[in-house]
Number of protein chains: 2
Amino acid sequence: MAGDRPPLDDPSCHHAGPSPVDEILSVEKAQRMAEFFGVLGDPNRWRILSALALSEMRVGELAAAVAMSESAVSHQLRILRATRLVSYRKQGRNVLYCLKDDHVFNLYREASDHLDEPPEE
Amino acid sequence: MAGDRPPLDDPSCHHAGPSPVDEILSVEKAQRMAEFFGVLGDPNRWRILSALALSEMRVGELAAAVAMSESAVSHQLRILRATRLVSYRKQGRNVLYCLKDDHVFNLYREASDHLDEPPEE
DNA sequence: ATAACATATGAACAACTGTTCATGGTTTAA
DNA sequence: TTAAACCATGAACAGTTGTTCATATGTTAT
């Protein structure tokens with residue numbers, strides 16, 4: 001595709017480690033990726049996730065912690081459950097939510113690193 | 001917040017490594033996170049990124065590779081540039097795009113791992 | 001200069017997303 | 001058994017997003 005181009009030791013074109021991608025993503029795979037990252041594309045969901053990173057919480061506590069209506073929080077939790085980003089357990093009439101695993105931590109760190117990088121030009 | 005709860009050695013509630021978050025994300029920080037991940041929340045942008053993971057490409061080549069109009073690709077590249085996910089260099093009337101760094105690789109791997117995990121229940 | 005090529009951009013419209021509001025289902029307490 | 005507390009869900013509406021279409025800018029070739 002681009003094998004017949006003038007020799008380029010382009011400093012802005014990083015190709016350090018081996019790419020995990022060996023061909024263009026299929027539309028299906030791209031769709032799944034997009035759906036997952038789209039869930040992380042909402043500020044209130046990040047606030048909810050960060051609250052759960054501190055401790056498990058009931059829906060009402062969460063709503064108070066992030067200053068949202070309980071309904072709105074519940075709707076978002078439904079999405080976070082479907083994406084398996086949070087886990088929950090029922091205790092009587094309460095439902096305790098918590099983070100499912102630490103994938104979200106790694107994603108947070110990676111994004112933070114990227115955002116903290118200098119504009120460079 | 002949740003310190004006075006029955007002893008819970010909840011297996012579904014992971015708290016392995018230290019959390020990178022020590023308080024609920026501010027709305028500003030949450031907003032920046034969401035904007036970044038929102039960019040990764042589109043399937044066509046993932047196809048473009050995966051194409052650029054293979055080799056640097058001109059806009060026209062990209063458009064052909066991912067089967068989109070050149071205009072649509074250009075619009076998306078604008079967003080990917082603003083997010084510093086891609087880099088570019090002009091060569092005459094052509095513009096060669098490539099991935100800026102390998103943060104996107106790590107994010108891809110992390111997401112893939114998460115998506116490949118068993119439903120668990 | 002003129003034409004053809006390569007890419008970028010603005011406006012507009014359809015599709016999607018997240019909230020609010022109203023309601024329903026469970027569980028505890030009186 | 002009522003009533004209250006806690007949470008979930010459906011509909012609807014506003015705001016956002018991504019594409020297409022038309023047009024503009026800049027570059028190479030004739």
Side-chain angles (χ1 to χ4, degrees), chain A residues 1-2 4-6 27 30-49 51-52 56-83 85-98, chain B residues 1-2 4-6 27 30-49 51-52 56-83 85-98:
Chain A
M1 190 69 68
D4 50 352
R5 205 106 54 196
V27 288
Q31 185 72 41
R32 267 177 290 144
M33 281 288 153
E35 276 170 12
F36 175 67
F37 282 102
V39 170
L40 299 178
D42 179 90
N44 287 333
R45 281 195 285 267
W46 272 109
R47 307 224 324 135
I48 291 173
L49 290 172
L52 294 178
E56 71 174 355
M57 272 188 235
R58 302 181 306 144
V59 176
E61 289 174 326
L62 257 178
V66 301
M68 294 172 61
S69 76
E70 297 190 1
S71 176
V73 168
S74 187
H75 275 295
Q76 300 296 26
L77 286 172
R78 182 175 152 81
I79 294 172
L80 294 173
R81 259 188 284 132
T83 321
L85 285 169
V86 303
S87 180
Y88 68 102
R89 62 201 176 101
K90 299 188 183 178
Q91 274 205 348
R93 58 183 167 188
N94 296 333
V95 181
L96 293 164
Y97 279 88
C98 63
Chain B
M1 191 70 66
D4 50 351
R5 206 107 54 196
V27 289
Q31 185 72 43
R32 267 177 291 142
M33 280 289 154
E35 276 169 12
F36 175 68
F37 282 103
V39 170
L40 298 178
D42 179 90
N44 286 332
R45 281 196 283 268
W46 271 109
R47 307 224 325 136
I48 290 173
L49 290 172
L52 293 178
E56 70 173 358
M57 272 188 235
R58 301 181 307 148
V59 176
E61 288 174 326
L62 258 178
V66 301
M68 295 172 61
S69 77
E70 298 190 0
S71 176
V73 168
S74 187
H75 275 295
Q76 301 295 28
L77 286 172
R78 182 176 152 82
I79 295 173
L80 294 173
R81 260 187 283 135
T83 320
L85 285 169
V86 304
S87 180
Y88 68 101
R89 61 196 177 104
K90 301 189 182 178
Q91 273 204 350
R93 59 185 167 187
N94 297 333
V95 181
L96 293 165
Y97 278 88
C98 63

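These values consider heavy atoms only, across backbone and side chains, with no hydrogens, waters or symmetry-generated copies. Order of the sequence lines fixes the chain letters, A, B, ..., with proteins taken first and strands second; residue numbering starts at 1 for each chain.
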Next item on the list: Measure the shortest side-chain to side-chain distance between B/Leu62 and B/Leu77 over non-hydrogen atoms and say whether it is less than 4.5 angstrom.
Entry: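 Yes. Closest side-chain heavy atoms under 4.5 Å.
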To check you understand the geometry: which heavy-atom pair defines the closest contact between [X] and [Y], and what is its length?
X       : Y       : result
B/Leu40 : A/Phe37 : O-CB, 3.2 Å
A/Arg58 : A/Asn94 : NH1-OD1, 3.2 Å
A/Asp42 : A/Asn44 : OD2-N, 2.9 Å
A/Met57 : A/Ala51 : CE-O, 3.4 Å
B/Trp46 : A/Ala30 : CB-CB, 4.2 Å
A/Leu85 : A/Phe36 : CD2-CE1, 4.0 Å

Rounded to whole angstrom units, what separation is found between the [atom1] atom of [X] and the [atom2] atom of [N]?
X       : N      : atom1 : atom2 : answer
B/Leu77 : C/dA6  : CG    : C1'   : 13 Å
A/Asn94 : D/dC6  : CG    : P     : 7 Å
A/Arg81 : D/dC7  : CZ    : P     : 12 Å
A/Glu70 : C/dG25 : CD    : C1'   : 15 Å
A/Ile48 : C/dT19 : CD1   : P     : 8 Å
A/Lys90 : C/dT26 : NZ    : C1'   : 9 Å
B/Leu80 : C/dT9  : CG    : P     : 14 Å
A/Leu62 : D/dA8  : CG    : C1'   : 15 Å

Note to self: For a quick check, with a 4.0 angstrom heavy-atom cut-off, what is the B/S/- contact string for nucleotides 18-30 of chain D, read 5' to 3'?
What the structure shows: SSBBB----BS--
Check: Considering residues, nucleotides and ligands other than B/Arg78, do more than 12 of their heavy atoms fall under 6.0 Å from its CZ?
Finding: no
Mind listing the N/O atom pairs, protein and nucleotides 14-16 of chain D, below 3.5 Å?
none

Show every donor-acceptor pair shorter than 3.5 Å between a side-chain atom in residues 66-74 of chain B and any protein atom, with sequence neighbours excluded, or say none if there are none.
unit_1: B/Ser69; atom_1: OG; unit_2: B/Ala72; atom_2: N; d: 3.0

Next item on the list: Give a yes/no answer on whether the side chain of A/Arg78 brings an N or O atom under 4.0 Å of OP1 or OP2 in D/dT9.
Entry: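 Looking at the OP1 and OP2 atoms of D/dT9, one of them is under 4.0 Å from a side-chain N or O of A/Arg78.
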Margin query: Does D/dC6 have OP1 or OP2 under 4.0 Å away from a side-chain N or O of A/Tyr88?
Written below: no
